[in-house]
Amino acid sequence: MASHSRFLLLSLFLSSILLTTHIVNSADEEQNLLQQINSYRVSVNLTALKENGNAKCLAEGMADEFRDQPCTNNTGANTVPGTETQFSSYPQVLQSCHLNVTTTRDGAIMPACVPNLVPDLVLSNFTQSQYASNLNDTKYTGIGIGSKNNWIVVVLTTDTPEGNYATATNDNSSANLVSTFGLFCQALFLSVSFWMMM
Ligand SMILES: *[C@@H]1O[C@H](CO)[C@@H](O)[C@H](O)[C@H]1NC(C)=O
Ligand SMILES: *[C@@H]1O[C@H](CO)[C@@H](O)[C@H](O)[C@H]1NC(C)=O
Ligand SMILES: *[C@@H]1O[C@H](CO)[C@@H](O)[C@H](O)[C@H]1NC(C)=O
Ligand SMILES: *[C@@H]1O[C@H](CO)[C@@H](O)[C@H](O)[C@H]1NC(C)=O
Ligand SMILES: *[C@@H]1O[C@H](CO)[C@@H](O)[C@H](O)[C@H]1NC(C)=O
């Protein structure tokens, strides 16, 4: 009995390590894409894009919304401009990132779907699609990248009040609490399972 529950905990522990590793890999691809986009910007004499935390939050939120959608030709970078599926939950994602339409309307949200986020394909989905002209645009100064499963979302921001993704002042911070609580639970679970194995 005792050995059973130890085994169970050990496998839970190992799978949470695997899960964490997967998250790290996807973060690697976000970092990789950021570097590539910025090398491209520098090569055409544009300023490198600065990371914007609120834009990243929105990108993560949108990627989360897309995560279960298959890669088809009516979503993502293969889309004919103007036929993108409307982001029905966009207002909620904005709100959970403490953003509102006032400061985000001049930004650009660019989702792409690439099975397994293969780096070369991810890059070409942004540099060789209708998104390329945005990456080449002097008006964008900031960037946030988020990914989930096969989806990766790049959000570009400007340095004007209409697109700087400034944090909205009048909202509640329940979203923050929820994510802090999630992290707390994960940490607690990890330490409890570690302790049980001793
Ligand atoms: C980049 O800017 C520098 C100086 O501002 C200029 O000499 C160079 O020709 C530019 N390169 C390109 C590719 O536009
Ligand atoms: C999307 O794919 C379907 C079938 O694979 C095809 O019939 C349709 O023409 C494609 N649409 C576009 C916009 O490429
Ligand atoms: C974008 O990624 C898809 C895989 O989902 C790939 O088939 C397509 O060729 C890529 N498009 C570009 C422009 O690189
Ligand atoms: C980006 O801008 C440069 C310089 O203005 C231009 O030569 C290049 O063709 C542009 N590329 C794209 C993909 O728009
Ligand atoms: C958006 O935020 C700005 C600045 O915080 C505020 O003035 C405005 O009323 C907000 N708009 C909405 C629709 O919440």
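Both counts, for ligands and for their atoms, begin at 1 and track the order of listing. All values derive from a computational prediction rather than experimental measurement.
Across every non-hydrogen atom of V93 and G61, the tightest pair is CG1-CA, 3.7 Å.
Side-chain contact check for L58 versus Y90: some heavy-atom pair is nearer than 4.5 Å.
For the residues N125, V114, L121, the heavy atom positioned nearest atom 2 (O) of ligand 3 is part of N125.
At distances below 3.5 Å, at least one donor-acceptor pair connects side-chain atoms of R41 with backbone N or O atoms of D137.
Side-chain polar atoms of E29 and N32 form a donor-acceptor pair below 3.5 angstrom.
Close approach of ligand 3 to P115 (heavy-atom distance below 4.0 Å) involves ligand atoms 4 (C), 5 (O). Numbered from 1 in the order shown, with element, the atoms of ligand 3 that lie under 4.0 Å from a heavy atom of Q128 read 13 (C).
Residue-level proximity to ligand 3 for C113 is carried by the backbone, the only part with a heavy atom below 4.0 angstrom. With a 4.0 Å heavy-atom cut-off, ligand 3 is reached by the backbone of S124 and by its side chain too.
For K50, the NZ atom sits in a loose shell: 12 or fewer heavy atoms of surrounding residues, nucleotides or ligands are nearer than 6.0 Å.
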